[in-house]
Amino acid sequence: MQKIWCVSRGNNFVVDCLYSECMQCCRRLLQSTRKKYFQIQKHFSMSTGDVKSLRTIISPPISKIRNIGIMAHIDAGKTTTTERMLYYSGYIRALGDVDDGDTVTDYMAQERERGITIQSAAVTFDWNGHRINLIDTPGHVDFTVEVERSLRVLDGAIAVFDTSAGVEAQTLTVWRQADRHSVPRLCFLNKMDKAGASFQYAIESIKEKLKVKPLLIQSPLGEGKSFKGVVDLVNMETIIWSPRGQEDDGRHYERKAVKEMNDPDLLSSAKDARNTLIEQVADLDDEFAGLILDKYSEHYNLVPSEELQMAIRRITLSRLAVPVLCGSALKNKGVQPLLDAVALYLPSPEDCDYDFVQWYQGDLCALAFKVLHDKQRGPMVFVRIYSGNMKSQSAVYNVNQNCTERMSRLLLPFADQQVEIPSLTPGNIALTVGLKQTATGDTIVSSKAAVAAASRRAGRDGDKKDRDGKTQGSLVLAAVQIPEPVFFCTIEPPSAARQPDLENALKCLQREDPSLKVRMDTDSGQTVMCGMGELHIEIIHERIRREYGLDTYLGPLQIAYRETIQSSSSASDTLDRTIGDTRHLVTVELEVYPWTADSHGTSPVIQYASEISEQQLKDFKEAVENGISSSYLQGPILGFPLVDVGVTVNVISVHQGTSMTMVSACVSRCMHKALKKSEKQLLEPLMKLEITLGEDHLSSVLADLAQRRGNIQEILTRSDNKVVVALVPLAEMMGYSTHLRSLTSGSATFTLELSNYEAMSLHDQKTLLKKKGFA
Ligand SMILES: Nc1nc2c(ncn2[C@@H]2O[C@H](COP(=O)(O)OP(=O)(O)OP(=O)(O)O)[C@@H](O)[C@H]2O)c(=O)[nH]1
């Protein structure tokens with residue numbers, strides 16, 4: 001017997017329980033309260049006698065699962081298309097609109113206000129007997145990590161295009177990401193209703209920029225204002241959407257055989273287009289080619305649709321070509337055939353070969369790919385199950401964090417509602433409640449023993465594989481690579497008392513968003529926030545205000561410099577102070593000098609002259625070293641930490657009764673004196689910059705790098721792109737994300753990481769001091 005709990009998202013109450021094999025329980029529920037039934041009916045479209053369908057809802061056969069993403073350039077229409085999918089599949093009652101800010105997947109306040117997707121949202125719905133888990137991903141470049149994270153757990157994807165614009169910059173980026181993850185795709189040419197929409201132009205742009213073979217399985221009926229539907233070239237049918245009565249929600253459309261349309265031109269062009277499709281498919285699929293040669297070489301019109309569909313599916317899964325469909329999500333045309341195509345052509349989890357699953361055999365192995373913080377329920381973790389069953393109220397072992405956690409509840413995110421379920425089978429995506437330690441990218445298994453068993457199997461199989469010359473798979477699912485954040489700034493709470501609240505907010509946000517980094521500035525004690533771009537930082541700032549009720553203050557973008565010395569110098573100092581009845585008297589003499597070690601030492605190298613006795617060392621070593629360390633944190637130029645400085649203490653003379661604090665203070669003052677006398681040098685962080693871009697933008701990007709004091713290391717060729725590797729001072733990278741975007745029309749991507757600290761030239765040092773008001 002299976003027990004199903006239906007939970008309404010907002011107030012989180014349990015509606016009732018059903019036993020899927022118990023008709024009595026179902027009837028009791030229906031009689032007990034009509035309202036409750038409607039809530040369940042909304043999710044399951046269930047009638048009294050339709051109890052069995054509940055079982056498929058919980059655990060659909062793996063061949064019927066489609067884990068897909070929807071991705072594109074900003075504003076291509078991903079959210080609008082997703083909203084239609086939910087509506088036509090019966091999971092929402094009214095169509096939301098991005099422009100009105102009431103869509104299901106853009107649920108964050110900023111998303112609704114700005115009309116952009118920031119977080120990817122996972123929704124589950126059923127279509128034609130298939131379970132579709134769909135992730136709507138952001139289009140803005142600052143959130144590419146979010147797309148990458150989603151792609152990690154997807155089996156297939158829909159790339160959405162604005163037909164009037166063709167392939168846009170961010171489409172290229174996400175396309176490359178999908179290539180990296182070997183994700184089979186469909187293309188949906190959206191906005192066919194828009195003035196300037198050109199199906200042909202978009203197809204050419206796909207061929208030219210994405211270097212893929214488009215399989216035109218549809219052709220449009222009209223363009224721009226006259227767009228009314230599509231020709232389904234596989235089935236040779238026209239699909240025309242027309243309002244019924246007052247309703248123009250796209251639910252009603254008519255399928256008619258092309259030959260019944262009494263339009264000779266349409267018939268002839270559709271026949272030609274289908275013949276081209278058949279030839280293209282035969283070229284790419286040997287099985288289909290054999291069939292055509294054997295039976296249909298003279299009669300393409302007799303090729304059964306099912307054979308054509310199966311061949312298109314094989315081609316799509318092996319990523320030899322990409323089926324292309326078209327429509328207008330906003331005008332409610334073309335979305336249902338797109339959903340049919342998802343079920344027909346995109347892979348199920350069993351079509352995908354996940355290496356590591358074999359090590360776990362029947363044991364649970366899942367990947368946490370997204371964490372959300374719900375005010376009432378705490379952290380909620382989205383997981384993709386690769387093997388074994390996941391059960392609510394069970395303990396699971398987190399391989400990355402090396403800890404066992406208890407999962408209290410398991411939910412399916414049906415549109416804007418979540419349905420509680422007792423367990424879930426491999427291939428599914430679910431939302432879990434109760435995992436408090438789990439962060440994005442962690443691998444979850446049933447127990448520590450299961451990992452040990454998997455590792456034994458991996459070892460054995462690994463030996464076998466090694467002999468075959470292949471490498472062994474990993475037990476931990478590969479997490480998404482997070483590029484080093486580019487932007488840094490301090491963030492301050494409205495008052496010191498709210499610092500713990502700020503820390504908690506940042507901790508929660510970091511678990512949701514691993515591209516956000518937070519650290520403490522040891523010099524100033526301030527909290528420093530590091531992000532992927534200006535928009536990213538801005539959104540985090542806003543979320544802290546809205547979701548955590550904290551009006552924080554963001555400091556300007558900062559660079560962490562270092563200081564050093566280039567010559568030796570000595571100093572002596574005496575501190576003589578009487579506090580109360582006690583006289584504190586210390587005399588110190590020391591020498592500072594450049595310490596030429598290979599790596600930049602962030603802690604001082606301290607030596608003692610032979611004149612210093614064993615007893616003195618025993619008594620004062622700690623106080624002396626505290627004094628040296630504290631002055632090491634604040635260099636003599638701008639107060640940045642010192643590196644590569646050595647210190648020799650020559651004299652310590654301490655009057656009896658002097659406190660250790662006074663000894664430290666005197667040493668610190670003496671250090672400052674000596675440092676001031678030496679030749680001082682500022683060091684700046686040098687970043688390793690890697691830009692991937694098209695050749696046409698290469699010269700402008702190189703010229704710009706020269707102006708930014710960039711030093712080009714190498715220029716590589718990767719597929720059709722150039723990869724520029726350069727060392728550039730971080731100070732020159734402010735606003736680079738936006739600048740590169742405008743320089744390359746957004747087509748380039750870059751990563752930035754700290755390479756080393758380098759001495760600034762006298763001129764640059766002077767300029768910086770002037771900027772900081774020191775010269
Ligand atoms: N004319 C026309 N406009 C559309 C169509 N689909 C979406 N739009 C409009 O395009 C704009 C962007 O739509 P979204 O659905 O938010 O696009 P998106 O790709 O999700 O955007 P991001 O999530 O911000 O990347 C909105 O103003 C939509 O109303 C369409 O088929 N035709």
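Residue numbers run from 1 in the order of the sequence given. As the structure lists them, so they are numbered: ligands from 1, and atoms in each ligand from 1.
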Sub-4.0 Å atoms of ligand 1 with respect to non-hydrogen atoms of D193: 1 (N), 2 (C), 30 (C), 31 (O), 32 (N)

Numbered atoms of ligand 1 (with element) below 4.0 Å of G77, judged on heavy atoms: 7 (C), 13 (O), 14 (P), 15 (O), 17 (O), 18 (P), 19 (O)

G327 N/O to ligand 1 N/O under 3.5 Å: no

Element-labelled atoms of ligand 1 that are located less than 4.0 Å from some non-hydrogen atom of S328: 30 (C), 31 (O), 32 (N)

Option whose closest heavy atom lies nearest to atom 19 (O) of ligand 1, chosen from K331, K194, K78: K78

Close approach, A76 and ligand 1, non-hydrogen under 4.0 angstrom: yes

Ring pair (Phe, Tyr, Trp, His ring centres under 6.0 Å) partners for Y253, two or more places apart: W241

D232 bridged to R274 by N-O distance under 4.0 Å: no

Residue portion contacting ligand 1 (non-hydrogen atoms closer than 4.0 Å) for N190: side chain

Heavy-atom closest pair, residues P337 and Q218: CB-NE2, 3.4 Å

Distance (rounded to the nearest 0.5 Å) between L154 CG and N67 CG: 7.0 Å

Single hit among L210, I158, T316, D179 for side chain to side chain contact (heavy atoms under 4.5 Å, CB included) with R185: D179

Part of T81 within contact of ligand 1 (heavy atoms, under 4.0 Å): neither

Value rounded to 0.5 Å, distance of CD1 in I240 from NZ in K333: 10.5 Å

